[in-house]
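Throughout, a chain's letter reflects where its sequence line sits, starting with A, and its residues are numbered from 1.
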Amino acid sequence: MRLDATDRALIAETQAGLPLVPAPFAEVAERLGLSEDEVIRRMGAMRAAGVIRRIAAAPNHYALGLGFNGMTVWDVADERAEELGAQVGALDFVSHCYLRPRALPHWPYNLFAMVHGTSRAEVDEKRATIRALLGPASAADEMLLSRRILKKTGLRLARKE
Amino acid sequence: MDIDALDRAILNRLHEDLPLVPRPFAAVAAELGTDEAELLARLARLRAGGIITRFGPFFDAEALGGAFCLCAMAVPPERFEEVMTRVNAHPEVAHNYERDHSLNMWFVLATETREEIDAVADRIEEETGLDVFRFPKLREFFIGFRVAA
């Protein structure tokens, strides 16, 4: 999808969030000198093209008491990675699930699934559930617990016109 | 901050897509058996209380012309603070976590182009004398995460 200057303005106006008012798209439209219809149409086009993944709330895992996060990593056969990744990603406790390249010989894992919990035991249990789901399809796995956040800044979007 | 059953239902519903209609909160409120004003008040409270950090469109930075890459380094413990300072000094480093593994530093690079990912990672290797392993996303699977209701 080719984004024009109006799309870019819409992205810049909404990347910090939508106004929490009854008619949020009308308010955004007014700020940009557009009509509500045009804002809804353009956001719909961006969503259909995947530029907008979804319009949603970003939960704070720490504030929800889910302070333990574990990056579980799995070595699954490449030819089954799509199918197994989809199954792991659909688990309701997996917040993110990605297929990534291995870095052999140091790193044999290609499937990454993030789990969160209020305790070590809870993340261990979630890892065990994934392990039971994958069974022998995963040749090896590990879980990397987070020790501390070293840096966290907001996502900065490309602003090129 | 305490959250009740309706807050949890709201969090779960709003983790998924908001309808693109003139009164989207009214539509979601109807699904949840509440009303627009109550939903908006609770949403504002959840945001003020830090339970949600943001409400709005999630943009795919790659579709906007940006690039992301998860990177990892095996940092000797005695050099950890020094390397962390060097890595974090790069504005392209968006998140950085210490993890329990020989690969003990995991960060995300966010740049405007794919070429810049390697340029920044190479620079970090030069500055630290350590390898920067690169794990670009090949595929992202459906996000099924929900708050226990």
Which atoms of A:Leu111 are under 4.5 Å from chain B, going by heavy atoms: the side chain, the backbone, both sets, or neither? side chain
Heavy-atom pairs under 4.5 Å with chain B are the metric here; pick the option from A:Met43, A:Glu142, A:Met71, A:Gln87 that has the most. A:Met71
Against chain A, residues from residues 100-109 of chain B with at least one heavy atom under 4.5 Å, in numeric order, are B:Asp100, B:His101, B:Leu103, B:Met105, B:Trp106
Please tell me if the side chains of A:Arg100 and B:Pro136 come closer than 4.5 Å, counting only heavy atoms from C-beta onward. no
Among A:His106, A:Arg102, A:Met114, A:Glu82, residue most engaged with chain B (heavy-atom pairs, under 4.5 Å): A:Glu82
Heavy-atom cut-off 4.5 Å, strictly under: side chain, backbone, both or neither for A:Ala81 against chain B? backbone
Heavy-atom nearest pair, B:Phe58 first then A:Ala56, reads CE1-O, 3.4 Å
Contact part of A:Ala16 toward chain B, heavy-atom cut-off under 4.5 Å: side chain, backbone, both or neither? backbone
Applying side-chain contact (heavy atoms from CB on, under 4.5 Å), run through A:Val94 and B:Phe141 and close with a yes or a no. CA-CA 10 Å; A:Val94 170; B:Phe141 298 103; over 6 Å; no
Best-contacting candidate, A:Leu3, A:Ile52, A:Leu20, against chain B by heavy atom pairs under 4.5 angstrom: A:Leu20
When rounded to the nearest 0.5 angstrom, what distance separates OH in A:Tyr98 from CG in B:Leu70? 9.0 Å
Residues 118-129 of chain B: residues contacting chain A (heavy atom under 4.5 Å, by number): none
Looking at CZ of A:Arg47 and CZ of B:Phe59, how far apart are the two atoms once the value is rounded to the nearest 0.5 Å? 12.0 Å
Interchain contact, B:Arg134 with chain A, by part (heavy-atom threshold 4.5 Å): backbone
What I want to find out is whether B:Asp17 reaches A:Arg53 closely enough, with some N-O distance under 4.0 Å, to be called a salt bridge. no
B:Glu16/A:Arg54 salt bridge by N-O under 4.0 Å criterion: no
Which one, B:Thr53, B:Leu46, B:Leu43, B:Ile10, leads in non-hydrogen pairs under 4.5 Å with chain A? B:Thr53
Among residues 23-37 of chain A, which residues come closer than 4.5 Å to chain B, judged by heavy atom distances? A:Ala23, A:Pro24, A:Phe25, A:Glu36
Choice from B:Arg47, B:Lys137, B:Glu98 maximising heavy atom contacts with chain A below 4.5 Å: B:Glu98
Top contributor to chain B interface from A:Ile40, A:Val115, A:Asp7, A:Asn110 [non-hydrogen pairs under 4.5 Å]: A:Ile40
Under a 4.5 Å cutoff for heavy-atom pairs, which residue among A:Gly17, A:Ala57, A:Gly70 has the most contacts with chain B? A:Ala57
Looking just at side-chain N and O atoms, do B:Arg99 and A:Asn69 make a donor-acceptor pair shorter than 3.5 Å? yes
May I ask you to list the residues in residues 18-27 of chain B that approach chain A closer than 4.5 angstrom, counting heavy atoms only, ordered by number? B:Leu18, B:Pro19, B:Leu20, B:Val21, B:Pro22, B:Arg23, B:Pro24, B:Phe25
Looking only at heavy atoms, which two atoms of B:Phe133 and A:Ala103 are closest? And how far apart? CD2-CB, 3.9 Å
For residues A:Gly50 and B:Asp60, report the shortest heavy-atom separation together with the two atoms involved. O-CB, 3.3 Å
Using 0.5 Å steps for rounding, measure from the CG atom of A:Leu150 to the NE2 atom of B:His95. 12.5 Å
Residues A:Ser146 and B:Tyr97: closest non-hydrogen pair is CB-CD2, 3.9 Å
Region of A:Val21 in contact with chain B, defined by heavy-atom distances below 4.5 Å: backbone
Looking only at B:Asn88, B:Ile52, B:Val87, B:Leu39, most heavy-atom pairs under 4.5 Å shared with chain A are made by B:Asn88
